[in-house]
Enquirer: 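What follows is a single structure, and I will ask about it in a moment.
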Amino acid sequence: MDLTTLTYIVVGLTFGLYILIAILSRAGSTSEFYVAGAHIHPVANGMATAADWMSAASFISMAGMIAFMGYGGSVFLMGWTGGYVLLAMLLAPYLRKFGKFTVPEFIGERFYSKTARLVAVVCLVVASLTYVIGQMKGIGVAFSRFLEVPYEAGLLTGMGIVFFYAVLGGMKGITYTQIAQYCVLIFAYTIPAIFISLNLTGVAIPQLGLGSTLAGSETYLLDKLDQIVRDTGFDQYTTAVQESRLNMFVYTLSLMLGTAGLPHVIIRFFTVPKVSDARISAGWALVFIALLYTTAPAVGAMARYNLIKTIEPEAGQPLAYEARPDWFRNWETTGLLQFEDKNGDGLIRYVADPVENEMVKVDRDIIVLANPEIARLPNWVIALVAAGGLAAALSTAAGLLLAISSAISHDVLKGVFVPGIDEKQELLASRLAMAGTVLLAGFLGLNPPDFAAGTVAMAFGLAASSIFPALMMGIFSRSMNREGAIAGMIAGLSVTLLYVFQHRGILFVPGTEFLGGLPPNWFFGIEPNAFGAVGALVNFAVATLVASRTSQPPASVQSLVDNIRVPG
C-alpha cells in the first residue's frame with residue numbers, strides 16, 4: 001500500500017477515535033466543561049497532562065532543535081522537565097486546594113480585585129495565543145507533507161478537528177481524548193527511534209544507542225557525528241552552546257518558570273478529586289513525559305547523522321542533485337526543504353558557510369517527520385509518525401484553547417461583566433468563546449513568527465514573566481497586595497514584550513539613534529526567547545516595591561493565604 005493511502009487510513013482512524021471520545025464524554029455542566037467535574041484519576045490525569053504538555057514543539061520541533069544545535073538544545077529538555085518539579089512542589093497542590101476553575105480566578109480572589117483578574121486574563125491570553133501558534137505550525141507542517149495538501153489546507157483541517165472535540169466535550173472530552181492521543185504519540189515517537197537505533201548501532205534502546213558505537217565499527221556515534229559536523233564547518237555537536245553559557249542558563253530558567261506558569265498546564269491539576277492527587281498527577285506526568293524526553297536526544301543526533309550522510313555519503317563527495325533520494329524530493333514539494341545550485345556543478349553542497357551552502361532551507365520542524373523516510377523505514381512507521389505529530393499538536397492546542405475560552409467566559413464575562421449569568425448561559429458562552437478562539441488561532445497560525453519550538457519558547461517567557469510570579473507571591477506571601485500584584489504582572493509582561501518587539505525590529509527605542517538602534521541580544525547577550533526569566537525578576541521586584549509602599553492585604557486574605565498552605 002502506498003504511503004499516502006496508508007497515512008490517510010492511520011490518521012483517519014485516530015481522528016475518528018478522538019471524535020468518538022468527544023461525543024461519548026460530552027460536557028453537560030460548567031464543572032465538566034472547565035475541570036472535568038474534578039473526577040479524573042491521578043494516573044489518567046498524569047497521562048492527559050503529558051499529552052497536553054508534549055505539543056508539536058516537543059514531538060515535531062524539539063528533536064529538530066537538538067539535531068541542529070547539539071548540546072545547546074538541551075535547554076529545552078532541562079527547562080521543560082525542570083518546570084514540572086516547580087509545578088509539583090510549589091503550585092499544583094495549593095491551587096487545587098483553593099478549588100477554583102481558572103488561574104485568573106485564583107489571582108482575582110487572592111488579590112481581592114477584579115482588575116487583577118482582568119490583568120491575569122490578558123497575560124493568559126497573550127502567552128496562550130503565542131503558544132497555540134506553534135501548535136498550528138506543527139499541524140500545518142505534518143499535513144502538508146503526509147496528506148499532500150498545502151500548508152493552509154492542513155491547518156484548516158486541524159482547526160476543524162480541534163473545534164469539534166474541544167467545543168463539544170470541554171475539559172471532560174479533552175481529557176479522555178488526550179489519553180488516547182498520548183498513546184498514539186508515544187508509540188509514534190519511540191517505534192521509529194528503536195528502528196533507527198538498531199540500524200545505526202545495533203542497540204534497540206535509543207537512549208543507550210546514543211552512547212554506543214556504530215554497527216560494525218569501533219567509533220562511537222557521537223564521535224563520528226562530531227567529526228562529520230566539523231568537516232562541514234559547523235560547531236562541534238557535543239560542545240556547542242546556544243549564544244553563551246549565561247544565555248543557556250537564563251533560557252533554561254525561563255522555560256522552567258514558564259512551565260510552572262502556563263495556565264493550560266495548571267488547570268489540569270484542578271481536575272483531580274483531592275489535593276494529594278495533584279502531586280501524584282505531576283509525578284505520573286513526569287514519568288510519561290520522560291519516555292519521550294529521554295528519547296529526543298537520540299532522535300536528534302541520529303537524524304542529524306542520517307541527514308548529512310544521505311546528502312554527502314563520503315567526506316568530500318557530495319551527492320548529485322539529480323540522484324537525490326525520494327524523501328528529499330517529497331519534502332521539496334512542501335517548500336520546507338530547498339536547494340539552490342549556486343556554483344552550477346549539479347552537486348549538493350551542505351556546509352556552514354552561507355555563501356557556499358546550497359541547502360538554502362532546511363526547516364528544523366521537518367526533522368522528526370522526515371527521519372523515518374531518511375532511514376528508509378516501512379511506510380506504516382512513517383504513517384504512524386504523521387499520526388503522532390498531529391496528535392501532539394492537537395492535544396496541546398485543545399488545552400490551550402480551553403484555557404483561553406475559560407478565561408473569557410468564566411473570568412471576564414461571569415467574573416466581571418455579567419455576574420448573574422446562569423450555568424446554561426455560561427456554558428454556551430464558553431463554547432462560543434472556544435469557537436472564536438479557534439478561528440483566531442488559525443488566522444495567526446497562517447503566518448507563524450518562528451519555527452514551532454521557538455514560538456513556544458517565546459510563550460513560556462511570557463508566562464514566566466507575568467503569571468508565575470503572581471502565583472508564587474499569592475501562595476507564599478501574606479503581605480503581597482493587589483497593587484503590587486497588578487504592577488508586577490504589567491511590568492513583567494511589558495518588559496518581556498518590549499525586548500521581543502525591539503529584537504524583531506517592530507519597536508525602535510528612542511534615544512538609541514546614535515547607536516543605530518539597540519543591537520540584537522543587547523542585554524548581556526540574552527535572546528528574546530530566554531528573556532522571560534529577566535521579566536520574572538522585574539515582576540518580583542516591582543511587586544515587592546509597590547506592596548511595601550501601599551496598604552497591607554485585609555486580614556481575611558492573609559488568613560486565606562495561611563489556610564492554602566495548611567495540609568488537609
Enquirer: Could you grab the distance from atom NZ of Lys97 to atom OG of Ser276, nearest 0.5 Å is fine?
Expert: 12.0 Å
Enquirer: In Å and rounded to the nearest 0.5 Å, what is the CG to OG distance from Leu497 to Ser465?
Expert: 7.0 Å
Enquirer: If we only count heavy atoms from C-beta on, is the Val299 to Met62 side-chain gap below 4.5 Å?
Expert: no
Enquirer: Output the distance between atom OG1 (Thr115) and atom CD (Glu483), rounded to the nearest 0.5 Å.
Expert: 10.0 Å
Enquirer: Looking only at non-hydrogen atoms, find the nearest pair between Ala193 and Thr295 and report the distance.
Expert: CB-CG2, 3.7 Å
Enquirer: I'd like to know if the side chain of Ser477 and the backbone of Gly474 have a donor-acceptor N/O pair within less than 3.5 Å.
Expert: no
Enquirer: Is the backbone N or O of Leu77 less than 3.5 Å from a side-chain atom of Thr81, with the two atoms forming a donor-acceptor pair by type?
Expert: yes
Enquirer: Mark yes or no for whether Thr14, through its side chain, and Val11, through its backbone, hold a donor-acceptor pair below 3.5 Å.
Expert: yes
Enquirer: Verify side-chain contact (heavy atoms from CB on, under 4.5 Å) between Thr259 and Phe468, making sure each step is shown before the conclusion.
Expert: CA-CA 9 Å; Thr259 299; Phe468 175 78; over 6 Å; no
Enquirer: Where do Leu413 and Ala429 come nearest, in terms of heavy atoms and distance?
Expert: CD2-CB, 3.5 Å
Enquirer: Within a strict 4.5 Å, meaning less than it, do heavy atoms of the Phe540 and Met473 side chains meet?
Expert: yes
Enquirer: Tyr189 versus Val368: any side-chain heavy-atom pair under 4.5 Å?
Expert: yes
Enquirer: Just so I know, are the side chains of Asn529 and Phe460 near enough to count as touching, which here means a heavy-atom distance under 4.5 Å?
Expert: no
Enquirer: Is it true that atom CZ of Phe98 has more than 12 heavy atoms of other residues, nucleotides or ligands lying nearer than 6.0 Å?
Expert: yes
Enquirer: Do Thr175 and Arg268 make a side-chain contact, defined as non-hydrogen atoms from C-beta onward lying under 4.5 Å apart?
Expert: yes
Enquirer: Going by side chain to side chain contact (heavy atoms under 4.5 Å, CB included), Val119 matches just one of Met489, Arg482, Lys114. Which one?
Expert: Met489
Enquirer: Quick one: CD1 on Ile267 to CD on Glu105, what's the gap to the nearest 0.5 Å?
Expert: 10.0 Å
Enquirer: Run Gln552 and Ser479 through side-chain contact (heavy atoms from CB on, under 4.5 Å) and show every step you take.
Expert: CA-CA 6 Å; Gln552 287 281 312; Ser479 61; 3.8 Å; yes
Enquirer: Check residues 553-560 and write down every donor-acceptor pair under 3.5 Å in which the side-chain atom is one partner and the other belongs to a residue at least two apart or another chain.
Expert:
from, atom 1, to, atom 2, distance (Å)
Gln558, OE1, Arg478, NH1, 3.2
Gln558, OE1, Arg478, NH2, 3.4
Gln558, NE2, Pro553, O, 3.0

Enquirer: Working to the nearest 0.5 angstrom, can you tell me the gap between Leu253 CG and Met78 CE?
Expert: 11.5 Å
Enquirer: With no hydrogens and no angle check, is any side-chain donor or acceptor of Ser281 less than 3.5 Å from a backbone partner on Pro42?
Expert: yes
Enquirer: Which of these, Phe476, Phe106, Phe269, sits in a ring-ring contact (aromatic ring centres under 6.0 Å, His included) with Tyr94?
Expert: Phe476
Enquirer: Which heavy atom of Ala470 sits nearest a heavy atom of Ile107, and at what distance?
Expert: CB-CD1, 4.1 Å
Enquirer: Would you check if the side chain of Asp277 reaches a backbone N or O of Lys274 as a donor-acceptor pair within less than 3.5 Å?
Expert: yes
Enquirer: Is the backbone of Glu527 close enough, under 3.5 Å, to the side chain of Asn247 for a donor and an acceptor to pair up by distance?
Expert: yes
Enquirer: Any donor and acceptor pair, going by atom type alone, linking the side chain of Tyr182 with main-chain N or O of Phe288 inside 3.5 Å?
Expert: yes
Enquirer: Hey, is the main chain of Ile289 close enough, under 3.5 Å, to the side chain of Tyr84 for a donor-acceptor pair?
Expert: no
Enquirer: Considering non-hydrogen atoms only, spot the tightest contact between Ala464 and Leu257 and give its length.
Expert: CB-CB, 3.6 Å
Enquirer: Side chains of Met480 and Arg110: does their closest heavy-atom pair fall under 4.5 Å?
Expert: yes
Enquirer: Under 3.5 Å, side chain of Ser74 to main-chain N/O of Tyr71, donor-acceptor pair present?
Expert: yes
Enquirer: Is it true that a side-chain atom of Ser548 and a backbone atom of Leu545 form a donor plus acceptor pair closer than 3.5 Å?
Expert: yes
Enquirer: Run the side-chain hydrogen bond (donor to acceptor under 3.5 Å, both in side chains) test against Thr550 and tell me which residues pass, sequence neighbours left out.
Expert: Asn481
Enquirer: Please round to the nearest 0.5 Å and tell me the distance separating atom CG of Leu124 and atom CZ of Arg117.
Expert: 12.0 Å
Enquirer: Could you give me the CA-CA distance, side-chain angles and deciding distance for Val103 and Leu471, then say whether side-chain contact (heavy atoms from CB on, under 4.5 Å) is met?
Expert: CA-CA 8 Å; Val103 169; Leu471 294 176; 3.9 Å; yes
Enquirer: Do you know the tightest heavy-atom contact between Val385 and Ala188?
Expert: CG2-O, 3.5 Å
Enquirer: On a heavy-atom basis, which atom in Ala50 and which in Ala285 lie closest, and how many Å separate them?
Expert: CB-O, 4.1 Å
Enquirer: Counting heavy atoms not belonging to Phe187, are there more than 12 under 6.0 Å from its CZ?
Expert: no
Enquirer: With a 4.5 Å heavy-atom cut-off, do Leu185 and Leu292 have their side chains touching?
Expert: yes
Enquirer: A side-chain contact here means heavy atoms from C-beta on lying under 4.5 Å apart; do Ile475 and Leu91 qualify?
Expert: yes
